[in-house]
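For reference, the structure discussed in these notes is given below.
This one's a predicted model, so the numbers in the text were calculated from it and none came from an experiment.
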Amino acid sequence: MIKILTVVGARPQIIKAAALSRAVKNTFADKLEEKILHTGQHYDFNMSDVFFDEMQIPKPQYNLNVGSESHGKQTARMISGIEEVLSGEKFEAIVLYGDTNSTLAGAIAASKLNTPIIHIEAGLRSFNMAMPEEINRIVCDQLSSLLFAPTQTAIDNLSREGFSDSKAKFANGKQSQIFNSGDIMYDNSLFYSTIAEQKTNILKQLDIKDQDFALATIHRNHNTDNPERLSSVFEAFLEIAESKRINIVLPIHPRTGKALQKLPVIGDKIHKNSRIKLIPPISFFEMIVLEKHAKIIMTDSGGLQKEAYFFKKPCIIIRPETEWVEITEQNAGILTDTNKDLIIQAFEQLTLSEITYPPVFGVGNSAEFILDKTFNYLLYK
Ligand code: UD1
């Protein structure tokens, strides 16, 4: 039996981990044993526990309870906690997702102990070094043994960074390996698409119907921590709601909620507008149902951009750039940054155009693919 440690910390990682845990249980139960470590980066019930409950993810064996802190302190606590776990119990490899501070901490702790790193969602680049996520993903990729890229673009990024002809070897004498595994989020969107409809009645609760609303989220620190940028986004939402006579469902990340409290004028307008439905963070099932029935999605989240594409919905990307260039190349999404006029124009353009959604994110069997490659790698380590 090969033992692996999966590290999660932030909301999207918990969701991705569900797909892998499901595949371990269904297909690899006699070969792989998975334990989960939660760093505690996200700790509110509706940012963490709700996903474990809903998707029946095994409870974490380890919880570091690091909570919110500055990046340095938060990451340092995680490194120290993960190091302790890896020193106490022998794991053949560590599985890390995406680009959060939890990913970075796992990469540093594991690499110093020569524990092979399996990076899921490798190779993504925004080329914007002001994003904490860009720093985290570059470091993690450099330290990983197996890199599972979700798209061809991610593979190309890694090749450009010299992975294909790198001479660097790990403690086991092997070079890193790169694979296009497709997107593990797609596994979940397909798997839960029907179940989610049966298990929630979010449309009724919010008094909305298929196609009569836009779904919006804003949480990136670049947007929430700058009052001008945040106000501009909310002004665009207010204008779209009124001029296009459309509801806007806005599940609000805790950080954004706090930032909005500091903008009383715009906050008041948002709260008073009956078309804007400001709600606390929602479960994954509720999110899937909203995505399936929305007319359009407006977001600065990477995950939501892709889920929009999975469910064939146009997406206004409230960022200056995206790692998911397939979406903009396909004209299924438009980059607007936080520019109010561009957001409104993009709404008009995207709701009028005919868009096709070829399968650029794989076929929804990423978890099995990843486990197969991982098992073979570790068996012959
Ligand atoms: C993190 C990731 C980001 C990912 C996002 C998903 C990093 C650098 N960023 O951003 O890539 O897209 O998760 O949500 O790791 N807070 C709560 N309750 C919680 C969690 C957070 O109130 O359960 C508040 C705290 O005030 C905290 C702030 O949100 O300071 C930001 O949380 P943090 O985990 O640092 O980053 P995210 O913005 O969530």
Side-chain angles (χ1 to χ4, degrees), residues 2 4 6-8 12-34 36 51 54-58 93-99 103 116-124 141 144-158 176-197 284-285 287-288 291-292 302-313 323-327 330 332 356-380:
I2 287 174
I4 54 174
T6 292
V7 172
V8 296
Q13 294 171 323
I14 302 168
I15 298 170
K16 288 165 201 161
L20 204 80
S21 297
R22 199 167 58 240
V24 169
K25 190 168 139 223
N26 293 343
T27 323
F28 286 84
D30 55 339
K31 298 190 184 106
L32 285 170
E33 182 189 350
E34 182 197 30
I36 295 178
F51 304 106
E54 189 170 71
M55 290 185 270
Q56 295 171 359
I57 307 166
I94 190 169
V95 177
L96 303 173
Y97 290 96
D99 54 21
T103 317
I117 297 170
I118 293 154
H119 188 203
I120 301 180
E121 254 193 13
L124 295 170
D141 279 343
S144 294
S145 289
L146 293 187
L147 293 92
F148 290 104
T151 58
Q152 185 55 43
T153 309
I155 294 271
D156 296 344
N157 288 337
L158 292 171
S176 56
Q177 296 175 21
I178 305 170
F179 301 97
N180 185 342
S181 58
D183 197 307
I184 198 162
M185 287 293 278
Y186 191 35
D187 294 23
N188 276 334
S189 293
L190 287 180
F191 185 79
Y192 291 116
S193 172
T194 313
I195 309 173
E197 296 267 13
F284 186 57
F285 287 2
M287 189 54 109
I288 286 192
E291 289 163 354
K292 283 179 79 176
L304 225 71
Q305 282 172 50
K306 272 181 301 168
E307 285 164 5
Y309 193 94
F310 300 158
F311 291 117
K312 302 188 170 29
K313 299 297 159 102
E323 300 80 21
W324 308 104
V325 291
E326 292 76 8
I327 299 176
Q330 206 52 44
T356 52
Y357 298 84
V360 288
F361 294 107
V363 291
N365 68 348
S366 262
E368 261 91 12
F369 178 92
I370 289 168
L371 287 180
D372 191 49
K373 297 290 178 204
T374 299
F375 180 72
N376 280 310
Y377 177 86
L378 295 175
L379 196 62
Y380 302 110

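Counting heavy atoms from C-beta outward, Lys31 and Leu379 have side chains that stay 4.5 Å or more apart. Looking only at side-chain heavy atoms (C-beta outward), Ser176 and Leu147 come within less than 4.5 Å of each other. Two residues are said to be in side-chain contact when any heavy atoms from C-beta on lie closer than 4.5 Å; Glu54 and Tyr192 fail this criterion. Two residues are said to be in side-chain contact when any heavy atoms from C-beta on lie closer than 4.5 Å; Tyr309 and Glu326 fail this criterion. Leu190 has its side chain out of reach of Phe310: every pair of non-hydrogen atoms, C-beta onward, lies at least 4.5 Å apart.
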Steps toward side chain to side chain contact (heavy atoms under 4.5 Å, CB included) verdict (Leu371, Thr27): CA-CA 9 Å; Leu371 287 180; Thr27 323; over 6 Å; no
Verdict with reasoning, Leu304 to Glu291, per side chain to side chain contact (heavy atoms under 4.5 Å, CB included): CA-CA 9 Å; Leu304 225 71; Glu291 289 163 354; 3.3 Å; yes
Test side chain to side chain contact (heavy atoms under 4.5 Å, CB included) applied to Met55 and Ile14, step by step: CA-CA 9 Å; Met55 290 185 270; Ile14 302 168; 5.5 Å; no
Working for side chain to side chain contact (heavy atoms under 4.5 Å, CB included), residues Val95 and Leu20: CA-CA 10 Å; Val95 177; Leu20 204 80; 4.1 Å; yes
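Rounding to the nearest 0.5 Å gives a distance of 5.0 Å between CD1 of Ile2 and CG of Leu378. Remark: Ser189 OG to Ile288 CD1 distance equals 5.0 Å, nearest 0.5 Å. Taking CD of Gln177 as the reference point, atom NZ of Lys373 lies at 8.5 Å (rounded to 0.5 Å). Rounded to the nearest 0.5 angstrom, Ser366 OG and Asn188 CG are separated by 10.0 Å. Between Glu121 atom CD and Asp99 atom CG the span is 6.5 Å, to the nearest 0.5 Å. Rounded to the nearest 0.5 Å, atoms CH2 (Trp324) and OG1 (Thr153) are 9.5 Å apart.
Put simply, the side chain of Asp372 never gets that close to the backbone of Glu368: no donor and acceptor are under 3.5 Å apart. Judged purely by atom type and a 3.5 angstrom limit, Asp183 has no side-chain atom pairing as donor or acceptor with the backbone of Phe361. A distance-only check finds a donor-acceptor pair linking the side chain of Asp187 to the backbone of Ala367 [under 3.5 Å].
Side chains of Glu323 and Thr151: no donor on one and acceptor on the other come within 3.5 Å.
The cationic atom of Lys313 (NZ for Lys, CZ for Arg) does not lie both less than 6.0 Å from the six-membered ring centre of Phe311 and within 45° of the ring axis. In this structure, Lys16 forms no cation-pi arrangement with Tyr97, as its terminal cationic atom is not both closer than 6.0 Å to the ring centre and no more than 45° off the ring axis.
Shown here for Phe51 and Phe284, the closest heavy-atom pair between the two residues is CE2-N, 3.4 Å. Scanning all heavy atoms of the two residues, the minimum distance from Ile370 to Thr374 falls at O-OG1, 2.6 Å. Ala122 approaches Pro150 most closely through the heavy-atom pair O-CD, 3.4 Å. The two residues Glu197 and Ser193 come nearest to each other via the heavy atoms CG-O, 3.5 Å. Scanning both residues, Gly98 and Thr103, for their nearest heavy atoms gives O-CG2, 3.3 Å. Here the closest non-hydrogen pair linking Gly362 and Tyr186 is O-CE2, 3.5 Å.
Among Leu146, Leu158, Asp141, the one residue that satisfies the side chain to side chain contact (heavy atoms under 4.5 Å, CB included) test with Ile178 is Leu158. For the side chain to side chain contact (heavy atoms under 4.5 Å, CB included) test with Gln152, the passing option among Val360, Asn180, Asn157 is Asn180; the others fail.
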